[in-house]
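Since the structure comes first, as structure tokens, the remarks are kept for the end.
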There are 2 protein chains.
Amino acid sequence: MVSEKTVERLSLYRRVLQQLWAEGKETIMSHDLAGLLHVTPTQVRRDFMQLGYSGVPNIGYKIRPLLESIANFLDSPSPQSAVLVGIGHLGLALLANFAGRWRQLAIRAAFDKDPNKIGQTYHGCRCYAMSELKKVINETNSIVGIIAIPGDGAQNVCDQLVQAGVRGILNFSPLRVKAPDYVFVEHVDLSATFEKVAFFARKMKYYEQEGNWKTESGLIEDANETLTTNQ
Amino acid sequence: MVSEKTVERLSLYRRVLQQLWAEGKETIMSHDLAGLLHVTPTQVRRDFMQLGYSGVPNIGYKIRPLLESIANFLDSPSPQSAVLVGIGHLGLALLANFAGRWRQLAIRAAFDKDPNKIGQTYHGCRCYAMSELKKVINETNSIVGIIAIPGDGAQNVCDQLVQAGVRGILNFSPLRVKAPDYVFVEHVDLSATFEKVAFFARKMKYYEQEGNWKTESGLIEDANETLTTNQ
DNA sequence: GTTAGTTTGTTAACAAATTCACAATTATAC
DNA sequence: GTATAATTGTGAATTTGTTAACAAACTAAC
């Protein structure tokens, strides 16, 4: 079937296509879209091939039906719910973005162990006690659980979410949680990502000192060459 | 050169190795470490091979020197700084985690366009006006810039960061920013990630309805055809 | 010191993802 | 209507990342 990367890109395509449509554009060619997202035109065409949506040679892709095709592919026919565990700064950021903002996919409930937070409403989303997890997940028919707690309890929370019936977990804790194979798990590890960026940033600097610039693909001789050809 | 994925995993290894060391463990074997992180033992050995650190057959890897080797590889010899642009919920979450908590790598300054925030201190990190970006980046010798603003200004901020001399950018905005080849850019797209998890969660559900389950041991039916890699 | 039983390091095979290259197709100009 | 130029769709090649398999290396037991 379709790969994770393709699904992610389809989500990106949709966002810029919506923007383009709002600006009055009706068609788009693979290389223009590729340019906006900094991927290759071939990649765009391949992804749309997976979608089953065909463009027309010499014209490109018609944005409106393409958007419908993406929505048809990515979105659930009925609205989908998610729940959030952990209302720290990160949890609030997620609520601000995903609590009820989208029609088809939204965070509909939140949980925290802090008694002061239970019963409160954050960005339109009510906070419940962990003991109500299963009940609320059943009531809201949520299929995704988001773990946004600092660390230790993550596996425990994950188990409870699985127990309650979610089919997907988005884990922001630094612990790798384990779920049964019929549950999709995605880890977003901010520390590791931050360290990675710093690592490669430093390497760039290193090559600068050596007189060589590092690119994604390898080393090149002259820095000014890239600087000028780039923009 | 070493791949991004390897760098990310080294960061993960380090975290659990530190934990193990704190618990009094002195050596670890590839398959035990692999079990903790849900990767294969071969992967672990391969990553350590890249490091240049050798274990001993029948014993495993000595945790203390391994940790030093990872630190030596991942960390800068001198402390490194990063700056944050955008003090919303997400920015606060990042500050809470990375403002001065680590010795070698920390967020040392923050920026926002809100006049009420400028001059304030958040999690020990002072907020400056965007006009001071270049000056502060130079003073703190920052090589990483983190973009945590909602959307539109992202490319502009990115350009300013590059102009000011950063070599790595961690971008949380939904816009894909473009930087010269000598700057490493990492996109963390929360919307796309959220949609991806929901998508695959739904597929899992779909197969449940079809009567096909993925199990611990493998697939009962042919879910394999349609479900791609879980991790 | 020898043997048995593990685990490492690494080569080779495999798998996934991306890009190349080009035939097929279409609009436009004339 | 035909020629021209441009763009799509996709098999093949390439690149990148992962896993299997096994020789070499080591410990421990005797």
Side-chain angles (χ1 to χ4, degrees), chain A residues 1-13 17 25-63 65-66 69 176 187 192 196 200 214-219, chain B residues 1-13 17 25-63 65-66 69-70 176 184 187 192 196 200 218-219 224-231:
Chain A
M1 198 211 176
V2 68
S3 79
E4 286 190 36
K5 302 238 182 174
T6 299
V7 171
E8 276 179 11
R9 280 191 301 263
L10 286 173
S11 175
L12 299 187
Y13 296 148
L17 288 170
K25 227 165 152 18
E26 305 227 326
T27 63
I28 182 92
M29 300 205 282
S30 59
H31 64 263
D32 290 331
L33 188 51
L36 289 171
L37 286 154
H38 314 120
V39 297
T40 63
T42 306
Q43 183 99 79
V44 171
R45 295 204 295 276
R46 263 235 137 56
D47 288 333
F48 291 168
M49 201 178 94
Q50 296 253 327
L51 253 193
Y53 185 76
S54 284
V56 331
N58 221 2
I59 289 294
Y61 300 88
K62 283 192 246 173
I63 292 179
L66 176 55
S69 189
R176 296 251 144 168
H187 295 275
K196 181 177 80 167
F200 285 105
K214 166 82 168 54
T215 69
E216 294 280 333
S217 44
L219 292 177
Chain B
M1 179 73 179
V2 68
S3 80
E4 287 189 37
K5 303 237 180 178
T6 298
V7 172
E8 277 179 10
R9 280 192 300 263
L10 286 173
S11 174
L12 298 187
Y13 297 148
L17 288 170
K25 226 164 154 16
E26 304 228 328
T27 63
I28 182 95
M29 299 205 281
S30 59
H31 64 264
D32 290 331
L33 189 51
L36 289 170
L37 286 154
H38 313 119
V39 298
T40 64
T42 306
Q43 182 100 76
V44 171
R45 295 204 296 276
R46 182 141 285 234
D47 287 334
F48 291 168
M49 201 178 94
Q50 296 254 329
L51 253 193
Y53 185 76
S54 283
V56 334
N58 220 4
I59 290 291
Y61 300 86
K62 285 193 246 173
I63 293 179
L66 177 54
S69 188
I70 294 176
R176 296 253 143 166
F184 181 86
H187 296 274
K196 181 177 80 166
F200 285 106
L219 298 178
N224 194 3
E225 258 171 38
T226 31
L227 291 173
T228 47
T229 56
N230 206 340
Q231 55 238 7

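Lettering of chains follows the sequences in order, A, B, ..., and the numbering in each one begins at 1.
Using a 4.0 Å heavy-atom distance criterion, B:Met49 is classed as a base contact.
Going from atom CG of B:Asp32 over to atom P of C:dT7 covers 8 Å, rounded to whole Å. Between the CD1 atom of A:Ile59 and the C1' atom of C:dT28 there is a distance of 9 Å, given to the nearest Å. In this structure, the NE2 atom of A:His31 is 18 Å from the C1' atom of C:dC20, given to the nearest Å. Here D:dG17 presents its C1' atom at 14 Å from CD of A:Glu4, a figure rounded to the nearest Å. For the pair A:Gln50 CD and D:dT8 C1', the interatomic distance rounds to 16 Å; values are reported in whole Å. In this entry the distance linking CE of B:Met1 with C1' of D:dT16 reads 16 Å, nearest Å. The CG atom of A:Leu66 sits 12 Å away from the P atom of D:dT8 (whole-angstrom rounding). To the nearest angstrom, C1' of D:dT8 lies 14 Å from NZ of A:Lys62.
Aromatic ring pairs are classed by plane angle as parallel below 30°, tilted from 30° to 60° and perpendicular above 60°; the pair B:Tyr13 and B:Phe48 is perpendicular.
When all heavy atoms are compared, the tightest approach of B:Tyr53 to B:Pro65 is OH-CG, 3.3 Å. The two residues A:Val2 and A:Val7 make their nearest non-hydrogen contact at CG1-CG2, 3.9 Å. For the pair A:His38 and B:Arg176, the tightest heavy-atom approach, listed with the atom from each and the gap, is CE1-O, 3.5 Å. For the pair B:Ser11 and A:Ala192, the tightest heavy-atom approach, listed with the atom from each and the gap, is OG-CA, 3.4 Å.
Distance CD1/A:Ile63 to NZ/A:Lys25: 6.0 Å, rounded to 0.5 Å.
Side-chain atoms of A:Asn58 and base atoms of C:dT26 include a donor and an acceptor less than 3.5 Å apart.
Note on A:Ser3: every side-chain N or O is 4.0 Å or more away from OP1 and OP2 of C:dA16. Under 4.0 angstrom from either OP1 or OP2 of C:dG9 there lies at least one side-chain N or O belonging to B:Tyr61. In this model, the phosphate group of D:dG9 is approached by a side-chain N or O of A:Ser54 to a distance below 4.0 Å at OP1 or OP2.
Using a 4.0 Å cut-off between charged side-chain N and carboxylate O, A:Glu26 and A:Lys62 make no salt bridge.
Nearest-nucleotide positions on DNA chain C place B:Ser30 closer to the 5' end than the other of A:Lys5 and B:Ser30.
Between A:Leu66 and A:Leu51, some side-chain heavy-atom pair lies under the 4.5 Å cut-off.
Residues from residues 37-48 of chain A that place a heavy atom under 4.0 Å from any atom of DNA chain C, listed by number: A:Thr40, A:Thr42, A:Gln43, A:Arg45, A:Arg46.
Listed nucleotides: C:dT8, C:dT26, C:dA17. Nearest to the side chain of A:Pro57: C:dT26.
For residues 46-60 of chain A, the salt bridge (charged side-chain N to carboxylate O under 4.0 Å, His left out) pairs, not counting sequence neighbours, are A:Arg9-A:Asp47.
Where the helix from C:dG1-D:dC30 to C:dC30-D:dG1 starts and where it ends, the local axes point in directions that differ by 10°; five pairs per end, rounded to 10°.
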Exercise for the section: Give the C-alpha distance, both sets of side-chain angles, the deciding distance and a yes or no for side-chain contact (heavy atoms from CB on, under 4.5 Å) between A:Glu4 and B:Phe200. Expected result: CA-CA 9 Å; A:Glu4 286 190 36; B:Phe200 285 106; 3.7 Å; yes
